[in-house]
Amino acid sequence: MAILVPFDGPLELSHTLECGQAFRWRPQGPWFLGTVGATAMKVRMAPGGLEVRSNPAVGADFVRSYFRLDDDLDAILKKISVDRHIRRAQEKYRGLRLLRQDPWECLVSYVASSASNIPKISRCIGKVSRMYGARLRLDDFETFGFPGPEALAAGGAAALRACELGFRAGYIAGIAREMTDPESQGLLTPDGLRALRQVPAEQARLKLLEFVGVGEKVADCVLLFSLDKLETFPVDRWVQRVAERLFFRGRKLSPKRVREWGREHYGRYAGYAQQYLFHYMRHLG
DNA sequence: TCCCAGGCGAAAG
DNA sequence: CTTTCGCATGGG
């Protein structure tokens with residue numbers, strides 16, 4: 001229930017958990033309280049590593065995987081340190097790590113993210129979990145695990161609309177239905193989604209784009225935040241703004257061009273650069 | 001009241 | 001290829 005995960009590399013929990021890549025964490029004193037799939041967790045930095053309390057119990061390997069502790073962050077940041085803006089972002093948000101999220105939860109979360117904002121996305125995901133997920137308790141922390149596609153499919157779009165999902169409710173209900181329908185051919189189960197970790201990025205991307213409601217940006221977020229495709233460079237309004245303002249002197253570019261530029265400019269860890277720039281831009285003032 | 005938000009899909013140029 | 005629009009909803 002309580003473990004110490006030894007770690008002496010760079011890691012800053014506040015930047016990692018509050019940069020907008022995951023939607024189910026909040027700070028409380030020295031701890032961060034969060035829900036990872038069907039697990040309630042408390043984490044904080046401790047001498048020698050990361051202290052983790054959880055329900056149900058998880059092992060150090062689970063924590064290492066979720067926080068991507070095997071990524072050599074210093075080496076990655078060195079590789080993407082190719083311009084003054086990214087260097088500034090790195091100085092400001094030292095210790096920000098990408099997470100390795102559950103692909104199904106990540107997919108639903110980012111479909112829910114379209115034309116929304118981080119506080120609202122968090123609220124929506126919290127409501128969906130409260131409506132369908134299993135109740136979890138950890139000390140005085142109560143939360144709800146993220147539900148599987150069966151529950152969302154059973155409830156349908158109407159129930160999801162009650163979670164402030166608006167027009168996104170139909171997309172999510174449709175995806176949940178496809179993922180639980182044995183008749184559907186070529187479409188994925190949650191395990192099939194996870195298996196895309198072993199598939200080349202371009203090919204995995206095409207599979208994700210088959211879902212109605214998943215466009216290029218959402219597909220790229222799922223690839224980056226849950227499927228280990230660290231070269232992926234998702235382009236949302238903020239990143240679009242970064243590129244046009246900081247790198248192209250206010251010139252207008254298509255999202256496709258920005259995406260190709262980012263991938264080319266930052267190389268195989270472009271996804272790390274994207275998240276640093278995203279967080280940096282959102283707090284520029 | 002208007003504008004915007006980690007977009008997408010469809011239609012049209 | 002690109003641009004434009006409607007789509008729900010809450011917040012500034």
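FYI, side chains are in, hydrogens and waters are out, and symmetry mates aren't considered; it's all heavy atoms of this structure. These numbers were taken from a predicted model, which means no experiment stands behind them.
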Check your understanding: What is the distance, rounded to the nearest whole Å, between atom CD1 of A/I125 and atom C1' of B/dG6?
Key -> 12 Å
Exercise for review: Could you check how far CD1 of A/I172 sits from P of B/dG9, rounded to whole Å?
Suggested key: 13 Å
Practice item. Would you say whether A/Y110 stacks on B/dG6? The test is a distance between ring centres of less than 5.5 Å and an angle between planes of less than 30°. Key: no
Review point. Starting at NZ of A/K217 and ending at C1' of B/dG9, how long is that distance when rounded to a whole Å?
Key: 17 Å
**Study point:** Side chain of A/K256 (C-beta onward), nearest among B/dG6, C/dC1, B/dC8
**Key:** C/dC1
Practice item. Examine B/dG6: is either OP1 or OP2 under 4.0 Å from a nitrogen or oxygen in the side chain of A/S116? Give yes or no. Key: no
Point to revise | Rounded distance in Å - CZ (A/R282) to P (B/dC4) | key: 17 Å
Exercise for review: Check every strand shown and say whether A/G213 touches a base, only sugar-phosphate, or nothing at a heavy-atom separation below 4.0 Å.
Suggested key: sugar-phosphate
Revision key, fill the gap. When rounded to whole Å, the NZ to P distance for the pair A/K252 and C/dT3 reads 11 Å
Review point. After noting the C-alpha distance and the side-chain angles of A/K120 and A/E164, does the key distance pass the salt bridge (charged side-chain N to carboxylate O under 4.0 Å, His left out) rule?
Key: CA-CA 8 Å; A/K120 187 179 176 186; A/E164 297 182 38; 5.2 Å; no
Review point. A/L96 and A/I76: same hydrophobic cluster, using ILVMFWY side-chain contacts below 4.5 Å?
Key: yes
**Study point:** Sugar-phosphate only, base, or nothing, as touched by A/R257 at under 4.0 Å among non-hydrogen atoms
**Key:** nothing
Review point. How close or far is atom P of B/dG7 from atom CD1 of A/I118, stated in whole angstroms?
Key: 10 Å
Check your understanding: Do A/Q240 and B/dG6 have a side chain to base donor-acceptor pair shorter than 3.5 Å?
Key -> no
Review point. Using a cut-off of 4.0 Å on non-hydrogen atoms, how would the nucleic acid contact of A/F211 be classed: base, sugar-phosphate, or nothing?
Key: sugar-phosphate
Check your understanding: Do A/Q90 side-chain atoms and A/L77 backbone N/O form a donor-acceptor pair below 3.5 Å?
Key -> yes
**Study point:** Ring centers of A/F141, A/W31 separated by less than 6.0 Å
**Key:** no
Check your understanding: Base, sugar-phosphate, or nothing for A/Q21, non-hydrogen atoms under 4.0 angstrom?
Key -> base
**Study point:** Contact summary for A/M179 and A/L107, nearest pair of heavy atoms
**Key:** SD-CD2, 4.5 Å
Review point. Around A/R177, counting heavy atoms of other residues, nucleotides and ligands shown, do more than 12 lie under 6.0 Å from its CZ?
Key: no
Point to revise | Phosphate OP1/OP2 of B/dA5: any A/R237 side-chain N/O under 4.0 Å | key: yes
Review point. Whole-Å distance between B/dG7 C1' and A/W238 CH2?
Key: 16 Å
Exercise for review: Under 4.0 Å between any heavy atoms, over every strand shown, what does A/V214 touch: base, sugar-phosphate, or nothing? Just pick one.
Suggested key: sugar-phosphate
Review point. What does A/V239 touch in the nucleic acid at a heavy-atom separation under 4.0 angstrom: a base, only the sugar-phosphate, or nothing?
Key: base
Review point. Can you list the steps and then say if A/V43 with A/L17 is a side-chain contact (heavy atoms from CB on, under 4.5 Å)?
Key: CA-CA 11 Å; A/V43 301; A/L17 298 173; 4.2 Å; yes
Check your understanding: Of the non-hydrogen atoms in A/S81 and A/I86, which two are nearest, and what is the gap between them?
Key -> CA-CG2, 4.0 Å
**Study point:** Integer angstrom distance from the P of C/dT4 to that of B/dC4
**Key:** 14 Å
Check your understanding: Which parts of nucleotides 5-12 of chain C does protein reach within less than 4.0 Å, heavy atoms only, written one letter per nucleotide 5' to 3' as B for base, S for sugar-phosphate only and - for none?
Key -> --BBBS--
Check your understanding: If you measure from the P atom in C/dC5 to the same atom in B/dG6, how many Å do you get, rounded?
Key -> 22 Å
Check your understanding: A/E216 has an atom CD; how far is it from atom P of B/dC8, in whole Å?
Key -> 8 Å
Exercise for review: Looking only at side-chain atoms of A/V218, point me to the closest of B/dA5, B/dG7, C/dT2.
Suggested key: B/dG7
